[in-house]
Amino acid sequence: MRIDILTLFPEMFGGVFGASILGRACAAGLMEIRTHDIRAYTENKHRKADDYPFGGGAGLVMMAQPIFSCMEAVLSEGAPAKRILLTPRGKPLTTEHARELAKEERLLLLCGHYEGVDERVMTLIDEEISIGDYVLTGGELPAMVLTDCVSRFVPGVLGSELSAEDESFTDGLLEYPQYTRPAEFRGMTVPDVLLSGHHANIVAWRREQALEKTKNVRPEMYEAWMAAHPPVVKKNKRRRKPKTDTVSPESVNTASVEDQP
Ligand code: 4HQ
């Protein structure tokens with residue numbers, strides 16, 4: 001996959017794309033990430049890329065001309081790209097969306113700075129994406145976050161690490177606790193079940209832990225998961241409904257804690 005990033009601060013990207021898993025993916029040719037300096041495309045003698053907003057107000061707005069020229073130059077060669085603007089007014093980024101974007105041959109990411117970009121730039125943009133409901137100083141960190149998140153779904157990038165598609169039994173839940181050697185550290189031990197070698201018990205324990213954590217920290221995520229994974233009611237454990245009709249059927253939950261998957 002190729003990703004072109006249009007920014008006023010190309011120097012911000014070197015460390016992130018040069019190290020760790022992304023660095024290896026680039027070195028192996030699985031990912032090709034190029035940054036482009038928008039300021040190099042300015043056509044005024046001061047190389048100015050931003051200006052005061054019409055109508056007044058605080059801050060500066062990124063000018064249309066340097067962005068149009070930069071995008072035209074970058075897209076004049078290579079495959080067509082899906083063009084994305086990073087902005088808090090975009091659709092919140094999700095794993096599902098990242099998985100879809102990883103199927104694209106080429107992405108172009110536009111990083112806004114200051115108070116945003118001239119609205120006419122939107123005629124060049126296919127999608128607006130936000131990495132969360134908070135305001136940053138620029139779109140560079142969001143572009144790095146999106147690139148990292150998408151790269152996990154590009155075949156080969158995770159290499160010997162766990163595939164991004166694994167651990168489906170806790171998909172949509174927060175992570176369960178993990179431990180590595182030694183089994184005892186400063187008096188703190190590892191739960192016995194993880195040392196037992198009993199795979200089914202380990203899977204059950206991890207799901208229980210993931211469910212408990214999710215219920216406490218992200219109740220809306222927990223409810224969504226429970227709705228998508230209804231408790232299985234085993235035939236031999238089915239509770240009898242009361243014989244009277246004084247209790248509404250909805251108030252009787254035929255499932256029980258032992259019946260959870
Ligand atoms: N910014 N998710 C303001 C963000 C942001 C976000 C990018 C700061 C755009 C103009 N981008 N500039 N949150 O806060 O994507």
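For ligands, and for the atoms within them, numbers begin at 1 and follow the listed sequence.
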Under the side-chain hydrogen bond (donor to acceptor under 3.5 Å, both in side chains) test, residues paired with Arg218 that sit two or more places apart | Glu220
Can you name the residues that form a side-chain hydrogen bond (donor to acceptor under 3.5 Å, both in side chains) with Glu208, not counting sequence neighbours?
->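 Once residues adjacent in sequence are excluded, Glu208 has no partner under the side-chain hydrogen bond (donor to acceptor under 3.5 Å, both in side chains) criterion.
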Residues [X] and [Y] bridged, charged N to O under 4.0 Å:
X	Y	result
Glu127	Lys82	yes
Arg89	Glu119	yes
Lys215	Glu212	no

Distance dump, ligand 1 polar atoms to protein, N/O, under 3.5 Å:
from	atom 1	to	atom 2	distance (Å)
ligand 1	2 (N)	Ile131	N	2.9
ligand 1	11 (N)	Thr87	N	3.4
ligand 1	13 (N)	Gly132	O	3.2
ligand 1	13 (N)	Tyr134	O	3.0
ligand 1	14 (O)	Leu136	N	2.8
ligand 1	15 (O)	Thr87	N	3.4

ILVMFWY clustering at 4.5 Å (side-chain atoms), partners of Val193 |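 Noted: Val193 shares its cluster with Tyr179, Val190, Leu194, Leu195, Ile202, Trp205.
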